[in-house]
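Data block below; observations after.
Residues take their numbers from the sequence shown, with the count starting at 1. Just so you know, ligand 1 is whichever comes first in the structure, and atom 1 is the first atom listed for that ligand.
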Amino acid sequence: MAPRQAHDDQGIYALGVADLPDPLGPPGVRHDVVIAANRLPVRLDGDGGWALSPGGLVTAMTAVMEGRDAVWIGWDGGLGDAADSAPPARFGDMALRSVSLSETDYADYYEGFSNGTLWPLYHNGLLSTRFRRSWWAAYRRVNEKFAKVAIETTEQDGTLWIHDYHLQLMPAFVREARPDIRIGLFLHTPFPPSQLLMRLPWREAITDGLLATDVIGFQTPTDARNFLSLAHRMGRTEEVMPIDPVTEIIVEGRRVAVGSFPISVDVDRIDEMVRDPAAREAANAFRESLGSPKHLLLGVDRLDYTKGIDARLKAFEELLRDGTLDPAEVAFVQVATPSRDDVRGYSNTRTEIEQLVGSINGNYAQLGKPVLHYLHQSLPFEDLVHLFLAADVMLVTPFEDGMNLVAKEYIACRTDGTGVLVLSEFAGTAVELHQALLCNPFDTAGMKRVIETALTLPVEEQRHRVRAMRTHLWANTVHDWAEGFFRHLDDVHPRGQRG
Ligand code: GDG
């Protein structure tokens, strides 16, 4: 098959395979299930060892890969050939294969195209989106690099599950060289309306990259519809067959399934942690250490401008200012996990948030008793569980979020049925957890009213809502999510059918 050509505003980019290795690549250890994501799931801890990284993708995938013959391909976080940063060959059940990045790759592919172009564009252009041709060239180059490793690592008729917006061209490179591989891609971010995506000078190549998969998974039906509308506008869909819950399209005579596969959490693991009596004791001790406030509010997010941390702090500040909240009765804990520190825009977000924290405590704390406890740190997951157990009200207020696992983790921790989840309408989670108190993070007055309602919600009403959300979570776990995805791959591209 001739390499597909994709236009951009500077000419033609060939998504060809001229430089790719022979179909099965050089001999080596091959795996049945290959995960590809920008980063390996581990990072150096402070003591020179390796630990699991925080973040939604890692949390979900480590849960579902337990006990499988899987390898994870990703960047190890080092630049150039720094041997001291080489990750172990295995971590837990999973083999690791690193992809190395040069400083230019990092600046142009990661900071540039992935986080300066795609991340803001896919979050409705929240921070100004920049389009640079050198970033695009690096994005292509690094996607090709990942593809080469996947081609070498995946066994005949094996499964390659690619994750997220960093690697949307990778399927096209892999498909050209290894049509036997069953390729799935799951996008953890939202997928924007085609009207917004059409601004991207390389929209054809991104569309074709995604269409080279067998299954493309999105977080919500809206994201899937947005992609289908783009593919239609690009004239790529030969036939469209809605087969609930996916839509199958025919692309160059090949079936591709496009659907919504809402990601979830490992509820049984969380339940086990919560039912340990030591967890309840830790939560109580934590609450006492804050002076046993009448109301404890909590926010847990990666420090990212999409998460709406500033919006919720402004609402909290106004509630204190207008006397609705009494600083003697309330405590707010905000964990803002360090993230993408060196990407443009993130340090401004951090500065803004920290100024708000200073101003709120400056005005409303008492000596030795802050009203707002702010941690710019990554905590062990056990500590997060204790916080979820201790908090009366969980504030999840992103401006735009693919899903938001924190909201689901909070509900999974509330074994006694109490607690209130205040949830942005613009998180994918809001499509599923209807019993949360929904808010619009762009509307400060509205958000204040919702927080007030949350603080006065009768316990019976809390239980009614939390129980309904727990029932939904137990019927839709992270394992169900992964199995659903694999099932569709088996259906669209049965093992051994091509190649
Ligand atoms: C993307 C999409 C989508 C957070 N701080 C710490 C920590 N975490 C864990 C949480 C949770 C995860 O990280 C964050 O979940 P989010 O859903 O907010 O995810 P993002 O990182 O934005 O990632 C998002 C997700 O992918 C999954 O598809 O939901 O929409 O943007 O699990 O508990 N974990 C630990 N320490 C921390 O300080 N251990």
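The N/O atoms of His123, backbone and side chain alike, include none that comes under 3.5 Å of an N/O atom in ligand 1. Of the polar atoms of Phe186, none of the N or O atoms is found under 3.5 Å from an N or O of ligand 1, judged by distance alone. Polar contact with ligand 1: present for Gly402 (N/O pair, distance under 3.5 Å). An N or O contact shorter than 3.5 Å links His188 to ligand 1 by distance. For the pair Leu405 and ligand 1, the shortest N or O to N or O distance falls below 3.5 Å. The shortest N/O to N/O separation between Leu379 and ligand 1 falls below 3.5 Å.
A salt bridge links Lys145 with Asp105: at least one charged nitrogen is closer than 4.0 Å to a carboxylate oxygen. Comment: Glu111 does not engage Arg340 in a salt bridge, judged by the lack of any side-chain N to carboxylate O separation of less than 4.0 angstrom. Under 4.0 Å is where a charged nitrogen must lie from a carboxylate oxygen, and between Asp416 and Arg467 no such pair does.
Here the side chain of Asp164 pairs no donor or acceptor atom with the backbone of His166 at under 3.5 angstrom.
Across the listed options Arg302, Lys307, Glu409, Glu400, Lys307 owns the non-hydrogen atom lying nearest to atom 18 (O) of ligand 1. Of the candidates Thr337, Asp164, Val396, the one placing a heavy atom closest to atom 4 (C) of ligand 1 is Thr337.
The aromatic ring centres of His488 and Phe261 sit less than 6.0 Å apart. The six-membered or imidazole ring of Phe399 lies away from that of Phe426, with a centre-to-centre distance of 6.0 Å or more. If you look at Tyr110 and Tyr106, their ring centroids are closer than 6.0 Å.
Residue contacts with ligand 1 for Leu384 involve side-chain atoms from C-beta outward but no N, CA, C or O (heavy atoms, distance under 4.0 Å).
The distance from ligand 1 to the heavy atoms of Gln219 drops below 4.0 Å at these ligand atoms: 3 (C), 28 (O).
In this structure, Thr189 falls outside the shell of residues with a heavy atom less than 4.0 angstrom from ligand 1. For the ligand labelled ligand 1, residue Trp119 lies inside the 4.0 Å heavy-atom shell.
Counted within 6.0 Å of CD on Glu354, heavy atoms from surrounding residues, nucleotides or ligands total more than 12; the atom is thus considered enclosed.
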